[in-house]
Amino acid sequence: MKYNFSEIESKWQKFWEENRTFQTDNSSNKPKAYILDMYPYPSGAGLHVGHPEGYTATDIICRYRRMKGYNVLHPMGWDAFGLPAERYAMQTNIHPRITTEQNIATFRRQIKMLGMSYDWSREIDTTDPAYYKWTQWIFLKIYDSWYDERVRKGRHIRALEEELMRQGTKDLRFGEHFAAGDWKRKSKKEKHDFLARFRLAYIAEIPVNWCEALGTVLANEEVAEWTDKGYTVERRPMRQWIMRITAYAERLLEDAKELDWPPSTTEQQRNWIGRSEGAEVIFPVKGISQNIKVFTTRPDTIFGATYMVLAPEHPLVEAVTTPAQKAAIDEYRSQAKLKSELERGSEAEKTGVFTGGYVINPATKKGIPVWIADYVLMGYGTGAIMAVPGHDERDFAFARKFQLSIIEVVSGGDISNAAYEEDGVAVNSANDEVSLNDLSTGEAKTKISLWLQQKKLGTPTVQYKLRDWLFSRQRYWGEPIPIVHLEDGTMKPLREEELPLLLPELKKFQPSGTTESPLALATEWVAVIDKETGMKGRRETNTMPQWAGSCWYYLRFIDPKNSKEFCSPELERRWMPIDWYIGGAEHAVLHLMYARFWHKVLYDLGHVSTKEPFMKLRHQGMILGEDSRKMSKSRGNVINPDDVVKEYGADAMRLFEMFMGPLEEMKPWSTRGVEGVYRFLNRVWRLYVNEEGILDGAVKEASVPSELERLFHATAKKVGDDIENLRFNTAISQMMILVNELTKSELRPRQILEPLVLLLAPFAPHIAEELWRILGHTSTLAYESWPSFDESKLQQKRVEVVFQVNGKIRAKCDVAVDADEATLKSLALAEANVKLHLGGKQIVKEIVVKNKLVNFVVR
RNA sequence: GCCAAAGUGGCGGAAUUGGUAGACGCGCUGGACUCAAAAUCCAGUCUGGCUUACCCCAGGUGUCGGUUCGAGUCCGACCUUUGGUACCA
């Protein structure tokens with residue numbers, strides 16, 4: 001008789017829900033374990049078989065941890081703001097809230113159907129005003145902060161104001177300088193604008209990635225995702241909210257070293273931050289009293305800098321351009337403006353125009369021509385480079401095309417063919433004051449940097465590829481930014497009591513028709529009078545990006561109902577940091593970097609107690625279709641979890657997803673494979689339950705053969721170890737071996753069958769609960785203690801030892817454990833096949849490894 | 001191009017520290033049970049050779065070399081796949 005999984009599964013899901021089996025007790029004094037899944041975006045398509053993979057993994061860890069005596073926090077929620085619901089609303093005029101609610105209901109039903117042990121009382125939804133109130137609150141905390149480089153820390157903007165009031169910009173590293181008195185004399189607007197240059201959230205007019213079809217701007221990090229889907233993204237200057245994540249570049253890099261993350265993920269973040277050490281060097285412009293600063297990582301090649309290139313947007317282009325070249329330069333600049341950085345990059349052939357101007361190479365004292373070219377980007381370094389065509393591939397290609405001179409200053413390559421970028425020995429690198437000749441690249445760098453510093457021509461500098469985070473979106477379905485723009489040109493943040501700032505109701509969902517978000521259509525909502533000053537004001541109409549909600553949701557789970565604080569400090573200290581975080585690798589740079597950034601700001605401001613939120617991170621691999629290709633509707637290879645559960649049950653689905661292979665690998669679905677684990681569950685069932693559906697009479701306390709006992713203890717050990725290390729596939733194999741052995745032996749010793757149910761419980765909780773009940777227990781097994789194993793019982797009495805001649809196995813022998821070397825050797829020599837291969841040859845070496853092998857080396 | 005991860009039977013994958021390669025599952029083959037089928041159970045299943053024989057011999061973990069008594073595991077070079085990134089000076 002097959003076990004009735006659908007009856008058993010719904011019975012236990014109901015039991016867990018009614019008994020609040022998995023509700024987390026904040027006041028427990030057990031050790032804590034915060035185990036978190038990346039919460040999903042509830043799409044209209046419902047759960048995908050990829051979702052349960054990670055969820056099952058964390059569920060197994062949680063159930064195991066509970067049985068090991070931990071107090072487990074394991075919540076689930078919804079990353080529910082997002083573009084699809086809004087686009088659907090534009091087509092149908094159905095409010096995104098309604099579609100979102102429906103989608104959440106589907107996701108919740110599907111996740112519950114899989115028997116995950118979430119504490120549903122902590123469920124959160126980022127679109128709930130009670131949640132986004134605190135997203136807005138954190139935004140304002142960030143807005144009201146600045147990064148004090150002297151202490152490498154985010155601080156309240158008030159501290160900066162007080163300092164300016166006290167001593168002006170004396171101690172600040174900042175271009176412009178004024179005294180305390182000057183600050184006091186500044187107008188409200190002037191002060192406001194000055195402080196805005198320090199805030200961690202600020203507005204700037206910058207060229208952004210505008211997507212007409214989506215009607216919104218995209219962050220640099222997001223562009224690829226949409227262009228891959230066929231959307232076009234153009235470059236446009238717009239006034240946008242930006243977060244100063246670059247201030248935290250060094251700390252994001254530094255603190256990543258302590259994280260237990262997949263190496264490829266940390267590596268990706270490192271690359272994205274893109275730290276490089278070099279120097280800023282000043283080149284005086286010939287004829288006018290202006291300097292152009294360049295950034296270079298190879299100051300040792302300065303004698304080979306035969307021309308300079310500015311980004312087309314560089315502010316000094318006009319100053320260096322001669323009248324004769326003006327028309328050509330203007331033409332090139334206006335073309336470059338239209339191109340996105342992506343388009344610029346994809347151009348195979350280098351382009352550029354000579355400005356007519358010259359700068360002085362400070363090392364050679366010679367005048368070198370200044371060009372503009374779009375292979376130099378304004379957004380990196382200083383937007384200007386000293387071009388060293390002999391030792392930089394890009395400069396080489398450019399110099400070849402425009403016939404600029406190429407000089408060798410590092411020997412080791414052949415610069416008539418290609419740029420030599422490797423290290424080598426400096427040549428042709430000397431002037432009256434300094435010579436780098438015959439120095440290695442490393443030595444030359446040090447020497448020239450010192451000289452440049454003495455001459456006040458250069459300073460060592462660190463540059464990052466990381467750009468500030470474009471934070472605003474022209475969308476309706478996102479958190480409103482709680483800022484009012486007053487008629488005097490200043491901005492005013494909402495007071496805490498005014499939060500949440502609710503989304504206005506719209507009669508019709510449509511794009512605003514301009515580059516503003518649809519919120520601009522809610523004219524009554526937009527127009528405000530400032531109560532304090534009576535000034536007219538206009539609400540910010542941009543909303544936050546989808547990443548905002550996920551930057552801190554893990555904190556809200558700790559204290560989801562708190563209406564006074566985003567999270568109680570006491571509970572925060574109890575639960576943070578997250579011990580296990582599992583989710584898709586696609587978030588390696590986006591979510592995981594943004595969340596770390598917010599967390600660090602909150603840490604600096606004293607709102608959280610840990611530097612990093614996610615201590616241990618793992619990604620689940622993608623599940624492919626049965627044809628080993630990516631699942632997609634068009635290929636018709638999509639597997640729906642509902643169908644699988646209906647056919648084989650949730651336990652079989654969970655078990656199969658864990659049995660497929662290592663969690664982090666990409667692997668194809670196999671319906672046959674599901675049948676395989678389903679057969680296994682049936683075999684387990686029959687071990688305990690007879691044809692009448694009750695406990696089989698054979699199940700009783702009985703003496704157990706030592707080999708079976710040993711196998712049981714080995715299984716108990718391996719399953720626990722494997723769960724700790726996320727090796728669920730081998731844990732399941734081990735249980736299969738034990739079950740096969742029990743089936744074959746026809747023995748049903750209760751002292752093995754009882755703990756076996758507990759071992760299986762994290763993987764297949766429903767069947768385990770039912771068997772536990774059938775064994776006569778009256779309550780859930782969720783908090784039973786994890787089966788222990790006896791190390792002494794693991795010891796085998798006999799082992800198979802192999803006998804080798806010249807490393808090849810010639811015989812095997814079953815011997816007593818720990819047989820001594822002499823015994824092993826004589827046993828080996830007694831084997832006929834060993835004798836045959838020794839064949840009277842001389843034994844030059846004997847290797848004897850206890851319990852493993854004997855190897856004779858003969859000549 | 002650069003960075004990272006990975007290549008093991010017909011398939012998914014084991015082998016955790018250099019010591020019996022292929023655990024476990026799928027598929028396949030044969031058998032038991034059955035009027036028959038399904039389900040279930042049992043046996044076999046890396047390749048080639050020899051043979052009465054699951055005895056033995058040879059080969060075998062992407063390729064080629066190396067270290068070692070012994071390499072899937074360590075080292076070097078290369079090839080392929082996947083993911084990321086792309087004029088970042």
Side-chain angles (χ1 to χ4, degrees), chain A residues 1-2 224 262-272 274-276 278 294-298 301 309 341-342 344-348 350 373-377 379-388 391-395 397-398 463-467 585-586 588-589 619 621-622 628 656 659-662 664-677 679-680 682-683 686 718 721-722 725 727 729-737 739-740 743-744 799-812 832-833 836 844-847 849 851-858:
Chain A
M1 193 175 89
K2 286 200 171 183
S264 59
T265 306
T266 354
E267 190 60 26
Q268 272 181 62
Q269 291 215 348
R270 221 202 315 280
N271 292 341
W272 194 263
R275 184 183 197 272
S276 61
V294 302
F295 174 71
T296 178
T297 53
R298 293 293 302 272
T301 61
V309 185
E341 258 176 47
L342 232 87
R344 284 194 188 187
S346 63
E347 227 122 293
K350 294 219 168 358
D374 63 10
Y375 81 91
V376 174
L377 309 170
Y380 183 78
T382 60
I385 61 156
M386 62 175 211
V388 185
H391 306 283
D392 182 287
E393 230 176 80
R394 298 152 298 176
D395 299 343
F398 193 80
Q463 280 292 339
Y464 301 92
K465 276 204 280 188
L466 183 72
R467 313 279 176 90
E586 66 275 19
V589 278
H619 304 300
M622 204 196 316
S628 290
F656 174 65
F659 185 63
M660 290 167 86
E664 310 198 36
E665 308 278 273
M666 186 188 285
K667 44 211 175 275
W669 184 262
S670 159
T671 301
R672 299 272 198 196
V674 188
E675 283 169 9
V677 294
R679 274 202 281 270
F680 165 70
N682 274 295
R683 216 150 50 230
R686 283 195 303 270
K718 184 161 176 58
D721 287 352
D722 282 351
N725 293 295
R727 290 192 298 254
N729 52 336
T730 50
I732 295 165
S733 300
Q734 185 65 33
M735 288 189 280
M736 285 172 167
I737 293 170
V739 168
N740 288 349
T743 305
K744 227 181 286 183
V799 283
E800 197 180 32
V801 169
V802 298
F803 301 139
Q804 303 178 321
V805 177
N806 280 348
K808 287 195 201 294
I809 296 158
R810 297 305 176 187
K812 297 175 186 181
N833 202 38
L836 189 74
V844 291
K845 201 170 177 184
E846 294 163 359
I847 294 114
V849 183
N851 298 330
K852 290 255 155 95
L853 56 79
V854 177
N855 186 14
F856 298 110
V857 185
V858 296

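Numbers restart at 1 for each chain; the letters A, B, ... are given by sequence-line order, proteins then strands.
The nearest whole Å value for the distance from the CD atom in A:Glu586 to the P atom in B:U85 is 12 Å. Counting to the nearest Å, the P atom of B:C24 and the CZ atom of A:Arg683 are 11 Å from each other. Atoms CD (A:Glu665) and P (B:U82) sit 15 Å apart, rounded to a whole Å. Across the protein-nucleic acid pair, A:Phe680 atom CZ and B:A23 atom P stand 18 Å apart, rounded to whole Å. Between the CZ atom of A:Arg270 and the P atom of B:A5 there is a distance of 11 Å, rounded to whole Å. Look at CG on A:Asp722: it is 9 Å from C1' on B:U16, rounded to the nearest Å. B:A4 atom P lies 18 Å from atom CH2 of A:Trp272, rounded to whole Å. What separates CG of A:Asn725 from P of B:U17 is a distance of 12 Å, to the nearest Å.
Across all strands shown, A:Pro662 has heavy atoms under 4.0 Å from sugar-phosphate atoms exclusively, and none from any base. No contact: A:Ser670 has no heavy atom under 4.0 Å from any strand. Across all strands shown, A:Asp721 has no heavy atoms under 4.0 Å from either base or sugar-phosphate atoms. Using a 4.0 Å heavy-atom distance criterion, A:Ser276 is classed as a sugar-phosphate-only contact. As judged by a 4.0 angstrom heavy-atom cut-off over every strand, A:Gly274 is placed among residues making no nucleic acid contact. Nucleic acid contact class of A:Ser264 (heavy atoms, under 4.0 Å, all strands): sugar-phosphate only. Residue-level contact check: A:Lys852 touches the backbone only, with heavy atoms under 4.0 Å from sugar-phosphate atoms and none from bases.
Between the CE atom of A:Met735 and the CG atom of A:Asp722 there is a distance of 9.0 Å, given to the nearest 0.5 Å. With rounding to the nearest 0.5 Å, the separation of CG in A:Asn729 from CZ in A:Phe656 is 11.5 Å. Here the OG1 atom belonging to A:Thr382 is positioned 9.0 Å from the CZ atom belonging to A:Phe295, to the nearest 0.5 angstrom. Taking CE of A:Met660 as the reference point, atom NZ of A:Lys667 lies at 6.0 Å (rounded to 0.5 Å).
Distances shorter than 4.0 Å separate some side-chain N or O of A:Lys808 from OP1 or OP2 on B:G59. Dashed line: the shortest gap from a side-chain N or O of A:Arg679 to OP1 or OP2 of B:C41 is not under 4.0 Å. Look at A:Asn851 and you won't find any side-chain N or O under 4.0 angstrom from OP1 or OP2 of B:G19. Regarding contacts with the backbone of B:A14, a side-chain N or O of A:Asn729 is found under 4.0 angstrom from either OP1 or OP2. Close to B:G13, at under 4.0 Å from its OP1 or OP2, lies no side-chain N or O of A:Arg727.
Of the C1' atoms belonging to B:C28 and B:G10, the separation is 9 Å, rounded to the nearest Å. When the P atom is used for both B:G27 and B:A77, the distance is 44 Å, rounded to whole Å. Between the P atoms of B:C11 and B:U68, the separation comes to 36 Å (whole Å). Between B:G13 and B:U29, the two P atoms lie 24 Å apart (nearest whole Å). The gap from the P atom of B:G60 to that of B:U47 amounts to 16 Å, rounded to the nearest Å. If you take atom P in B:G62 and the same atom in B:G9, they sit 8 Å apart, rounded to whole Å. For the C1' atom pair drawn from B:A38 and B:C50, the interatomic distance equals 43 Å after rounding to whole Å. One P atom belongs to B:A15, the other to B:G7, and the distance between them is 12 Å to the nearest Å.
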Base-pair map of RNA chain B as dot-bracket, where | denotes pairing with a different strand and pairs are Watson-Crick or G-U under 3.5 Å
(((((((..(((......[....)))((((((.......))))))((((......))))..(((((..]....))))))))))))....
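Of the residues near RNA chain B, A:Asp392 and A:Glu800, the one whose nearest nucleotide (by heavy atom distance) lies more toward the 5' end is A:Glu800. Nucleotides of RNA chain B nearest to A:Gly661 and A:Ala384 differ in position, and the one nearer the 5' end is that of A:Gly661.
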Between protein and nucleic acid, restricted to nucleotides 44-49 of chain B and to nitrogen or oxygen atoms under 3.5 Å apart, what atom pairs and distances do you find?
none

Using atom names, set out every protein N or O paired with an N or O of nucleotides 9-11 of chain B below 3.5 Å, distance rounded to 0.1 Å.
none

Which atom pairs link the protein and nucleotides 69-71 of chain B when you take only N or O atoms and keep those under 3.5 Å?
from, atom 1, to, atom 2, distance (Å)
B:C69, OP1, A:Lys845, NZ, 3.1
B:C69, O2', A:Asn855, ND2, 3.4
B:C69, O2, A:Asn855, ND2, 2.6

Protein-nucleotides 50-54 of chain B N/O pairs under 3.5 Å:
none

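Remark: the A:Lys744 side chain and the B:C42 base include no donor-acceptor N/O pair separated by less than 3.5 Å.
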Run the numbers on A:Val674 and A:Trp669 for side-chain contact (heavy atoms from CB on, under 4.5 Å), then give the verdict.
CA-CA 9 Å; A:Val674 188; A:Trp669 184 262; 3.6 Å; yes
Starting from the C-alpha separation in whole Å, work towards a yes-or-no answer on side-chain contact (heavy atoms from CB on, under 4.5 Å) for A:Gln463 and A:Tyr380.
CA-CA 8 Å; A:Gln463 280 292 339; A:Tyr380 183 78; 3.6 Å; yes
Given A:Tyr464 and A:Ser276, is the side-chain contact (heavy atoms from CB on, under 4.5 Å) satisfied, shown in steps?
CA-CA 6 Å; A:Tyr464 301 92; A:Ser276 61; over 6 Å; no
Run the side-chain contact (heavy atoms from CB on, under 4.5 Å) check on A:Val858 and A:Val805 step by step: do they pass?
CA-CA 7 Å; A:Val858 296; A:Val805 177; 4.0 Å; yes
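A:Asn740 is linked by a side-chain contact (heavy atoms from CB on, under 4.5 Å) to A:Arg683, counting only residues two or more places apart in sequence or in another chain.
With A:Asp395 contributing its side chain and A:His391 its backbone, the two residues share no donor-acceptor pair below 3.5 Å. Looking at A:Asn855, its side chain does come within 3.5 Å of a backbone N or O of A:Gly807 through a donor-acceptor pair.
The cationic group of A:Lys350 does not satisfy the cation-pi geometry with A:Phe398, failing either the under 6.0 Å distance to the six-membered ring centre or the 45° limit from the ring axis.
Base orientation for B:G9: syn, the chi torsion being within 90° of 0.
More than 12 heavy atoms of other residues, nucleotides or ligands sit less than 6.0 Å from atom CD of A:Glu800.
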